[in-house]
Every structure is written in structure tokens, then in C-alpha cells.
Amino acid sequence: MEELNWALLLEYGVLLCVGSFSGFLFAMKTIGERSKFTEVLQHIFLAVGSSMLVAWIAYEIIKEYFHLSYGLSVSISAGVGYLGAEVSIGFLIDYLSSKLGHKNDHDSHK
């Protein structure tokens with residue numbers, strides 16, 4: 001059995017924390033007038049998950065192609081995760097509303 005690489009665990013653990021924090025900030029910014037507890041939890045879960053995913057992808061791209069320092073890579077990926085979550089949620093809402101045939105009121109909030 002291989003030995004656990006603590007440096008790699010710490011690297012992605014910090015990225016997980018930063019990505020989830022930026023996702024939580026995004027969720028609090030866009031929570032709106034959700035009244036039901038399940039809607040609030042679903043919104044927070046989707047916002048945190050999408051922000052973490054975008055932050056992880058941005059971190060891997062920055063680390064692989066730009067060779068920046070660890071702290072700078074995590075900081076930039078957290079910012080991209082925060083902005084990327086907003087853009088990805090907007091795109092998802094636009095896409096689903098066009099497929100379901102609903103009127104899209106997402107554009108009126110911009």
C-alpha cells in the first residue's frame with residue numbers, strides 16, 4: 001500500500017476549502033426570495049458545487065500552463081470559481097428555461 005502524500009492532500013484540501021467558501025459567498029449573494037428550506041439548501045448545494053468544480057478546473061489549468069506559485073494559483077482559481085459559478089448558473093438557467101419553454105426572467109436581474 002502506498003504512503004499517503006500529505007503535501008498533495010493539503011494542496012487539494014485548501015483548494016476544496018477555498019472553492020467551497022467562494023461558492024457559499026456566491027450562494028448568499030444570489031439566494032433571492034427563496035422561501036422553502038429545501039429550495040434554500042438546493043440553491044446552496046448547487047452554488048457551492050459549481051463553484052468548487054470551476055475553481056478546481058481553473059487551478060489545474062493555472063498550475064499546468066502558467067506555472068504560478070501555489071498561493072497565487074489558489075487565489076486566482078477562487079476568483080474564477082466565484083465568477084464562473086455565476087456565469088455557469090446563468091447559462092444553466094437560460095438553457096433549461098429554453099428547453100422547458102418557460103419565460104426566462106433571469107435576464108431581467110442583470
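Everything numeric here is computed off the predicted structure, so don't read it as measured data.
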**Value rounded to 0.5 Å, distance of CD1 in Ile31 from CZ in Phe26** = 10.5 Å
**Prompt:** Can you tell me how far the OG1 atom of Thr30 sits from the CG atom of Leu46, to the nearest 0.5 Å?
**Reply:** 10.0 Å
Under a single-linkage definition using a 4.5 Å side-chain heavy-atom cutoff for Ile, Leu, Val, Met, Phe, Trp and Tyr, are [X] and [Y] assigned to the same hydrophobic cluster?
X     : Y     : result
Ile76 : Val54 : yes
Phe66 : Leu72 : yes
Leu9  : Trp56 : no

**Greater than 12 external heavy atoms within 6.0 Å of Tyr70's OH** = yes
Residues 10-25 side chain polar contacts: donor-acceptor under 3.5 Å, at least two apart:
unit_1, atom_1, unit_2, atom_2, d
Glu11, OE2, Tyr59, OH, 2.4
Glu11, OE2, Lys63, NZ, 3.4
Tyr12, OH, Glu60, OE2, 2.4
Tyr12, OH, Lys63, NZ, 3.1
Ser20, OG, Leu16, O, 3.0
Ser20, OG, Cys17, O, 3.0
Ser22, OG, Val18, O, 3.4
Ser22, OG, Gly19, O, 3.0
Ser22, OG, Ser51, OG, 2.9

**Ser75: side chain to side chain donor-acceptor pair (under 3.5 Å) partners, not counting sequence neighbours** = none
**Complete:** For Leu100, the hydrophobic cluster (side chain heavy atoms closer than 4.5 Å, chained through members) also holds none
**Non-hydrogen side-chain atoms of Ile62 and Val74 separated by less than 4.5 Å** = no
